[in-house]
2 protein chains.
Amino acid sequence: MARVTLQTIADRLGVSRATVSYAFSRPDQLSDGLRRRILEVADELGYAGPNPTARSLRLGRAGALGMIFSETLAYAFADPYAVGFFQGLATAAEDAGVGLCILPLPHGDRRSETVRDAVVDSFCVMSLPDGHPALAEVFARKLPVVMVDEPYVPGHPFVGTDEPTAAATAARHVLELGHRRVGVAMVGLHDDGYTGWASQERQESALFEAMRRRRGGYQRAFEEAGVDWSGVPFYEVARNTRAAGKKAGHALLGCDPRPTAILTNTDVLALGVLDAASDLGLDVPGELSVVGFSDSAAEDAGLTTIRQAKREMGEATGRLLLSGAAAKPERLIFPHELIVRTSTAPPPRSPRR
Amino acid sequence: MARVTLQTIADRLGVSRATVSYAFSRPDQLSDGLRRRILEVADELGYAGPNPTARSLRLGRAGALGMIFSETLAYAFADPYAVGFFQGLATAAEDAGVGLCILPLPHGDRRSETVRDAVVDSFCVMSLPDGHPALAEVFARKLPVVMVDEPYVPGHPFVGTDEPTAAATAARHVLELGHRRVGVAMVGLHDDGYTGWASQERQESALFEAMRRRRGGYQRAFEEAGVDWSGVPFYEVARNTRAAGKKAGHALLGCDPRPTAILTNTDVLALGVLDAASDLGLDVPGELSVVGFSDSAAEDAGLTTIRQAKREMGEATGRLLLSGAAAKPERLIFPHELIVRTSTAPPPRSPRR
DNA sequence: TTGTATGCGTTATCAA
DNA sequence: TTGATAACGCATACAA
């Protein structure tokens with residue numbers, strides 16, 4: 001009973017392969033009695049049902065949507081923004097009755113052909129740095145692709161946020177509250193593992209387009225408000241974790257003069273900054289204002305943040321891919337919204353030193 | 001340029017299909033010049049590379065691991081326990097260089113053949129209620145399967161927690177603190193959407209094995225402590241959300257006499273109970289102790305809980321499936337641990353009424 | 001180093 | 001209602 005196929009069953013019953021196929025895939029094309037007999041024998045022989053791969057080959061469809069992240073999967077699933085997006089994407093897949101295939105990319109010197117070998121009908125590519133080799137592999141497959149957040153490839157469908165405007169909104173919020181000594185903590189600019197102060201040049205040459213533009217939004221808001229951007233302490237961290245945020249917070253709060261407000265490009269980082277403030281006994285928002293980004297972990301902590309429609313973005317991406325509309329190079333920019341909670345307030349009148 | 005295959009390229013160059021195949025899959029079997037020419041023509045013709053489905057059929061492997069939940073995917077991704085498990089599973093898939101294919105199950109009257117059609121080499125089945133039809137569909141595929149948490153199917157590999165003991169540990173904790181008026185809030189016993197008080201009979205007939213056993217652990221601890229279980233108010237909710245936990249909290253805290261401690265079977269529910277306590281102006285843990293489960297959302301809130309090794313469980317499941325060891329009916333029970341934080345304390349001396 | 005032939009397990013077409 | 005045949009696109013044993 002090594003391998004039982006349609007043919008095995010056909011032979012056993014003295015009918016043709018096609019007939020057996022009908023018994024499984026087109027029940028209405030067969031007399032009831034014969035069908036029952038076929039199913040019976042199939043069961044008896046331990047037939048596992050029509051082989052999905054063969055079926056897929058014949059039918060020309062995989063029944064699955066491929067999803068690609070730049071980071072390790074453990075990291076991706078630890079990111080509330082990504083998980084939120086995921087919820088939406090999964091919902092779309094669910095509605096269409098197709099699988100959602102998460103494709104790990106090789107990291108370090110590990111080798112892997114997942115993109116080349118993935119049995120999928122389309123790809124969702126999220127947050128890949130400029131020039132990442134996986135992007136070329138994806139395009140080589142000549143399947144529908146939707147890019148999410150970054151990179152934007154002209155001529156291809158894209159789903160994302162108006163990064164500069166969203167970031168500027170966050171920055172303007174603290175500037176309008178009256179803050180003039182503002183620090184910035186960002187993650188996801190480069191993928192070289194660097195954590196520390198980032199020069200203007202390093203900021204501008206960020207590998208990840210979305211974060212690069214987000215940073216540009218901060219700068220623009222400062223310039224429009226007539227606040228000197230070059231004096232803004234800018235701390236970059238390598239990983240989007242609370243611990244990294246705390247480290248950034250301590251670095252920034254150690255500046256002289258100490259910032260009265262800190263902008264971060266993720267909520268997770270912002271939580272870490274709050275930890276640092278707490279370590280130093282600083283009152284938030286009395287002595288320090290903190291702004292997050294994406295509203296993915298902000299509510300309980302009372303964090304002011306920029307809300308993004310992560311779930312809707314995921315769902316839209318899925319529908320684009322599954323409806324075949326991904327053929328057209330649509331560009332879907334989802335709205336964002338400043339959510340003011342209790343982590344921001346005007347700066348103290350005479351700040352402690 | 002409808003469809004370009006190996007044959008198209010072979011014809012164009014006047015070589016055989018096999019030669020072209022070699023150019024892609026066995027570069028060493030070919031002269032460098034010919035290989036380059038082939039690749040060139042392939043590029044020119046817009047060849048997308050060897051068709052993964054055909055390749056998969058020929059090779060007899062899919063290069064993907066299938067994953068099944070009982071809930072909608074949006075719900076699964078909102079559950080921190082599931083996401084934690086996922087991190088581990090994804091890590092294993094990543095290490096093995098295979099895809100992780102999430103397979104939505106049909107819900108409501110929706111029809112879907114995802115399990116039957118999934119191009120995967122094995123299945124991970126998580127938290128399916130007893131008798132769920134998807135389980136039969138999975139077994140019909142005759143592929144390696146690992147069940148996680150529930151149901152346990154004798155003769156098949158299983159990864160889970162010692163539910164009764166873990167639950168008893170949680171219950172014993174509050175009993176040993178001196179609580180005698182304890183309420184219980186649980187989710188995931190049935191899938192009929194019911195929210196409200198649950199009779200003893202309804203508790204015992206819970207559809208989900210893990211939660212049924214977890215509840216049994218609570219009861220056992222009470223009986224061993226000589227506390228009357230039948231007097232324990234037991235509130236059941238349909239969804240694992242903070243809002244549902246809050247509702248349960250209000251119901252339980254409305255009892256007379258009011259419980260001085262509440263056990264919940266998820267952290268998310270416990271957070272909701274804390275919300276309810278806050279609504280009523282109850283001090284935690286001064287006037288009310290709360291215990292969660294799984295340590296998935298507990299830390300910030302200072303919640304006492306049972307820590308489960310979700311990520312390790314996911315990784316172990318993946319390795320079982322990917323190493324081929326899933327052939328043996330291994331039964332991996334992962335350790336749990338009571339984490340005491342600041343949501344539990346002895347009951348008040350003379351509790352308010 | 002390259003070509004030939006065959007099989008992987010289905011399903012669709014068309015004829016009986 | 002059922003059967004024969006031809007794809008689907010590829011990889012491999014074997015021969016040249």
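In the text below, chain A, chain B and the rest are named by the order of the sequence lines, each starting its count at 1.
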Go through it in stages, so that I can follow the logic: the residues are A:I68 and A:V115, the test is side-chain contact (heavy atoms from CB on, under 4.5 Å), and I'd like the CA-CA distance, side-chain angles, deciding distance and then a yes or no.
CA-CA 9 Å; A:I68 292 165; A:V115 171; 3.8 Å; yes
Are A:T5 and A:R17 close enough, and set up right, to give a side-chain contact (heavy atoms from CB on, under 4.5 Å), and what steps lead you there?
CA-CA 9 Å; A:T5 73; A:R17 210 157 67 213; over 6 Å; no
Which is it for A:L105 and A:L128 under the side-chain contact (heavy atoms from CB on, under 4.5 Å) test, yes or no, and what are the steps along the way?
CA-CA 11 Å; A:L105 255 30; A:L128 239 43; 4.2 Å; yes
I would like to know whether A:F86 and B:F86 meet ring-ring contact (aromatic ring centres under 6.0 Å, His included); could you show each step before the answer?
CA-CA 13 Å; A:F86 230 80; B:F86 230 80; 7.5 Å; no
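Every pair passing side-chain hydrogen bond (donor to acceptor under 3.5 Å, both in side chains) that includes a residue from residues 23-46 of chain B is listed here, sequence neighbours excluded: B:S25-B:R55.
For an aromatic pair to be called close, the ring centres must be under 6.0 Å apart, and A:F69 with A:F85 fails this.
First and last contacts of DNA chain C with chain A, using any nucleotide atom under 4.0 Å from a protein heavy atom and ordered 5' to 3', fall at C:dG9 to C:dT13.
Ring geometry for A:F77 versus B:F77: interplanar angle under 30°, hence parallel rather than tilted (30 to 60°).
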Reading nucleotides 8-16 of chain D 5' to 3', which nucleotides get B (base under 4.0 Å from a protein heavy atom), which S (sugar-phosphate only), which -?
BBBBBB---
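Rounding to the nearest 0.5 angstrom, the gap separating the CG atom in A:L65 from the CG atom in A:L321 is 4.5 Å.
For B:E315, the salt bridge (Lys or Arg N to Asp or Glu O under 4.0 Å) criterion is met by B:R319, not counting sequence neighbours. Considering only residues two or more places apart in sequence or on other chains, A:D130 meets the salt bridge (Lys or Arg N to Asp or Glu O under 4.0 Å) condition with A:R212.
End-to-end axis angle of the helix from C:dT1-D:dA16 to C:dA16-D:dT1, from C1' rotation axes over five pairs per end: 30° (rounded to 10 degrees).
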